[in-house]
Amino acid sequence: MSRSVSAPKRRTVSSKKVLVLHGPNLQLLGERNPSVYGRVKLATINERLKTQAKQLKLSLTIEQFNHEGELVEAIGQAQKEFDGILINPAAYTHTSVAIRDALEAVRLPAVEVHLSNIYRREAFRHTSLISPVVDGQVSGFGPESYSLGLTALASLLTGKSRKR
Ligand code: DQA
């Protein structure tokens with residue numbers, strides 16, 4: 001009688017893919033309004049996020065756009081490629097129905113972040129059109145807002161934080 005021995009099954013662990021989107025003027029971080037946004041450059045924030053992503057076993061794609069339409073397109077295409085979105089919509093937070101609708105349409109887990117505490121600033125920044133269509137918001141911790149946001153998104157993606 002012959003016995004067939006099959007190779008042990010390997011579990012392939014595919015890491016979750018996260019799209020990080022930075023909105024308008026964030027390329028100027030480090031020199032822009034340092035009393036509000038601090039002196040840390042966007043490149044440094046991105047490096048920190050990449051290091052953190054490795055620890056969280058996430059694969060990260062990072063983009064910065066100044067134009068609303070580019071952000072809308074990136075969000076629209078994210079559905080095919082990504083498992084979640086970390087977004088600082090910057091000034092579009094307070095104005096963009098188009099970005100809001102795109103996030104609502106793709107229905108990916110998403111976290112909104114802001115360096116500054118938008119609720120402590122001018123009244124026009126107190127409204128976020130984005131918050132109602134994302135899973136949560138982190139606001140006011142400087143560059144740390146991004147890492148807190150990424151941790152929260154990772155928990156959502158691995159099912160460790162289920163609200164619904
Ligand atoms: C910001 C807050 C927005 O009100 C502002 O327009 C920005 C940056 C923040 O990260 O604190 O550009 O999103």
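Indexing begins at 1, ligand by ligand and atom by atom, following the structure's order.
Atom 4 (O) of ligand 1 has as its closest protein heavy atom His94 NE2, 2.6 Å. In this structure, the protein non-hydrogen atom closest to atom 1 (C) of ligand 1 is His114 ND1, 3.7 Å.
The heavy atom nearest to atom 5 (C) of ligand 1, considering only His22, Glu122, Arg125, is found in Arg125.
Checking Thr93 against Glu112 by side-chain atom types alone, no donor-acceptor pair falls below 3.5 Å.
Counting heavy atoms under 4.0 Å from ligand 1, residue Val113 does not touch it at all.
Every pair passing salt bridge (Lys or Arg N to Asp or Glu O under 4.0 Å) that includes a residue from residues 36-48 is listed here, sequence neighbours excluded: Glu47-Lys50.
Considering all non-hydrogen atoms of both residues, Leu21 and Ala74 come closest at CD2-CB, 4.0 Å.
Contact check for Leu19 versus Leu108: no side-chain heavy atoms found under the 4.5 Å cut-off. Residues Leu153 and Pro109 have side chains in contact (heavy-atom distance under 4.5 Å, counting atoms from C-beta outward). Side-chain contact check for Leu26 versus Arg32: some heavy-atom pair is nearer than 4.5 Å. Val36 is listed as a side-chain neighbour of Arg121, based on a closest heavy-atom distance under 4.5 Å.
Against a heavy-atom cut-off of under 4.0 Å, Arg32 is close to the following atoms of ligand 1: 7 (C), 12 (O). Proximity to Ser116 (heavy-atom distance under 4.0 Å) selects the following atoms of ligand 1: 2 (C), 9 (C), 11 (O). Those atoms of ligand 1 that come under 4.0 Å of a heavy atom in Tyr37, given as number and element, are 5 (C), 7 (C), 8 (C), 9 (C), 11 (O), 12 (O). Near Ile118, meaning under 4.0 Å from any of its heavy atoms, are these atoms of ligand 1: 2 (C).
Residues Tyr119 and His114 place their aromatic rings such that the two centres sit no closer than 6.0 Å.
Using a 4.0 Å cutoff on heavy atoms, Asn25 does not count as a contact of ligand 1. Under a 4.0 Å heavy-atom criterion, Tyr92 is not in contact with ligand 1.
For ligand 1, the polar-atom distance check finds an N/O of Leu115 within less than 3.5 Å of one of the ligand's N/O atoms. For a threshold of 3.5 Å applied to N or O pairs, the pair formed by Ala91 and ligand 1 contains at least one separation below that value.
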